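To start, the structure under review is shown below, and the notes come after it.
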There are 2 protein chains.
Amino acid sequence: MSEKELRRNLAVLTVSTTIKLTGLTARQLRYYESFSLVQPQRSAGNQRLYSLNDIDCLLEIKSYLSSGMTMEEVKRVLTSGKSTNLVNDSTVSDSQARKIFRKEMLRIGQWGNNHDSNNLF
Amino acid sequence: MSEKELRRNLAVLTVSTTIKLTGLTARQLRYYESFSLVQPQRSAGNQRLYSLNDIDCLLEIKSYLSSGMTMEEVKRVLTSGKSTNLVNDSTVSDSQARKIFRKEMLRIGQWGNNHDSNNLF
DNA sequence: AGTTTCATGTTATAAAAGCTAACATGAGCG
DNA sequence: CGCTCATGTTAGCTTTTATAACATGAAACT
């Protein structure tokens, strides 16, 4: 692993800063972890420690979810397909299309929510 | 400020990770802060939050101190001379030379202390 | 030799942040 | 309508952090 990769994998960020950096809630962080979508390290006292890579991953998850995917689908995309590419080979089911549309509509109505255009690290 | 500078100035590191990254103690972090050598941000709940720049700064302070400088001298070097250069124009006083020598001797006797060759970020 | 100063250790006490687990909920789906 | 899913909320407990005060060992300065 290169030095840069090492740095990006250093687990140095606590839950609260991870919340700030991703715009997710503590509940969401734990929920996603329960699906093994992220695996933060733990401090000696059992507190979660996220790396910059984890942050990236979380932002990706967030994006996938907000586009209508379910947890299981996100998991499949993240674990199997190692392509960073957003466009996936899986065909979009009917119900998924509807879901995506709905979420999209919802998103449009969101004002006073600054947490969606971040690409922090 | 460039985007990279922004990132390096993001206050995202708690005391415990700062301790790990610098090898300093909590006491030292606060003491140095009391001289305004670093000025970490504070969380909503008043907890210190360090940036990568702060880490660099702390490592620099650590190095200066271990080379025999006093707090006030370190402060002068850090605030006035904006040169990143380690070699300073100030002449080394007699007592300082002795101090440096002593510290150096002490340092040589330090084993089981892995925290001195880090250039983490 | 006695006293001061300096950098740091140590301790006590309070507050903030984090953990787990359980129950609650609202929207979509069948 | 009843079920599932993603998330909110709450409760009780542990870890981390904060401040402030007192302690200390080595140097420096009379």
Side-chain angles (χ1 to χ4, degrees), chain A residues 11-20 22-35 37 40-50 58 61-75 93-107 109 113 115, chain B residues 11-20 22-35 37 40-50 58 61-75 93-107 109-110 113:
Chain A
V12 289
L13 304 171
T14 60
V15 165
S16 54
T17 77
T18 300
I19 286 175
K20 279 188 219 141
T22 62
L24 297 167
T25 68
R27 183 68 164 91
Q28 288 173 306
L29 295 181
R30 295 192 216 108
Y31 190 57
Y32 303 162
E33 185 180 343
S34 78
F35 282 81
L37 297 188
Q41 307 265 123
R42 295 294 185 121
S43 76
N46 198 38
Q47 302 203 174
R48 271 165 264 255
L49 290 173
Y50 296 88
L58 287 167
I61 293 170
K62 184 183 181 183
S63 155
Y64 283 143
L65 283 176
S66 84
S67 81
M69 280 182 161
T70 148
M71 228 27 92
E72 286 300 344
E73 290 163 338
V74 173
K75 178 163 190 173
S93 80
D94 215 48
S95 72
Q96 229 169 43
R98 264 178 287 133
K99 210 187 301 187
I100 291 173
F101 179 74
R102 236 181 298 109
K103 292 246 183 182
E104 201 52 42
M105 287 297 98
L106 278 178
R107 203 136 53 97
N113 181 344
H115 258 305
Chain B
V12 289
L13 306 170
T14 61
V15 164
S16 54
T17 78
T18 301
I19 285 174
K20 279 188 218 142
T22 62
L24 297 167
T25 68
R27 183 69 163 88
Q28 288 173 306
L29 295 181
R30 295 192 217 106
Y31 190 56
Y32 303 163
E33 185 180 343
S34 77
F35 281 82
L37 297 188
Q41 308 266 121
R42 296 293 184 122
S43 76
N46 198 38
Q47 302 202 175
R48 271 165 263 256
L49 290 173
Y50 296 88
L58 286 168
I61 293 170
K62 184 184 180 182
S63 154
Y64 283 142
L65 282 176
S66 85
S67 82
M69 280 182 161
T70 128
M71 228 28 93
E72 286 300 344
E73 289 163 339
V74 173
K75 179 163 190 175
S93 79
D94 215 46
S95 72
Q96 229 168 44
R98 264 177 287 134
K99 211 186 301 185
I100 291 173
F101 178 74
R102 238 180 297 110
K103 291 244 183 185
E104 201 53 41
M105 287 298 97
L106 278 177
R107 201 134 56 97
Q110 282 183 4
N113 181 343

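All of these numbers come straight from a predicted model, not from anything done at the bench. First the proteins, then the strands, lettered A, B, ... as listed; each starts at 1.
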* Asked: Using rotation axes that map the C1' atoms of four end pairs onto the next four (five pairs an end), what angle separates the end axes of the helix from C:dA1-D:dT30 to C:dG30-D:dC1, to 10°?
  ->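 What I find for the helix from C:dA1-D:dT30 to C:dG30-D:dC1 is an axis angle of 20°.
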Which distance, rounded to the nearest 0.5 Å, do you find between the [atom1] of [X] and the [atom2] of [Y]?
{"X": "B:L58", "Y": "B:Y50", "atom1": "CG", "atom2": "OH", "result": "6.5 Å"}
{"X": "A:T70", "Y": "A:E73", "atom1": "OG1", "atom2": "CD", "result": "5.0 Å"}
{"X": "B:R30", "Y": "B:F35", "atom1": "CZ", "atom2": "CZ", "result": "15.0 Å"}
{"X": "A:T22", "Y": "A:Q28", "atom1": "OG1", "atom2": "CD", "result": "8.0 Å"}
{"X": "B:K75", "Y": "B:I61", "atom1": "NZ", "atom2": "CD1", "result": "11.0 Å"}

Could you give the [atom1]-to-[atom2] distance, from [X] to [N], as a whole number of Å?
{"X": "B:L37", "N": "C:dA7", "atom1": "CG", "atom2": "P", "answer": "10 Å"}
{"X": "B:E72", "N": "C:dT5", "atom1": "CD", "atom2": "P", "answer": "14 Å"}
{"X": "A:L65", "N": "D:dT4", "atom1": "CG", "atom2": "P", "answer": "20 Å"}
{"X": "B:L24", "N": "C:dA7", "atom1": "CG", "atom2": "P", "answer": "14 Å"}
{"X": "B:E33", "N": "D:dA20", "atom1": "CD", "atom2": "P", "answer": "12 Å"}
{"X": "A:I61", "N": "D:dA6", "atom1": "CD1", "atom2": "P", "answer": "12 Å"}
{"X": "B:Q41", "N": "D:dT17", "atom1": "CD", "atom2": "P", "answer": "17 Å"}
{"X": "B:Y32", "N": "C:dA7", "atom1": "OH", "atom2": "C1'", "answer": "7 Å"}

* Does B:Y31 make a side-chain N or O approach to OP1 or OP2 of C:dA7 shorter than 4.0 Å? ->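 B:Y31 to C:dA7 OP1/OP2: side-chain N or O found under 4.0 Å.
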* Heavy-atom protein contacts under 4.0 Å, nucleotides 9-20 of chain C, coded B base, S sugar-phosphate only, - none -> BB-----SSSSB
* To do: For B:K62 and B:G23, work out which heavy atoms get closest and say how close.
  =>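 Nearest heavy atoms, B:K62 then B:G23: NZ-CA, 4.1 Å.
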* CA sep, side-chain torsions, deciding dist, call: B:M71, B:L37, side-chain contact (heavy atoms from CB on, under 4.5 Å) -> CA-CA 9 Å; B:M71 228 28 93; B:L37 297 188; 4.0 Å; yes
* Considering residues at least two apart in sequence or located in another chain, which fulfil the salt bridge (Lys or Arg N to Asp or Glu O under 4.0 Å) criterion with A:R42? ->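 Salt bridge (Lys or Arg N to Asp or Glu O under 4.0 Å) list for A:R42, sorted by chain: A:E33.
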* Asked: What's the verdict on side-chain contact (heavy atoms from CB on, under 4.5 Å) for B:L49 and B:T14, showing C-alpha distance, side-chain angles and the deciding distance?
  -> CA-CA 5 Å; B:L49 290 173; B:T14 61; 4.3 Å; yes
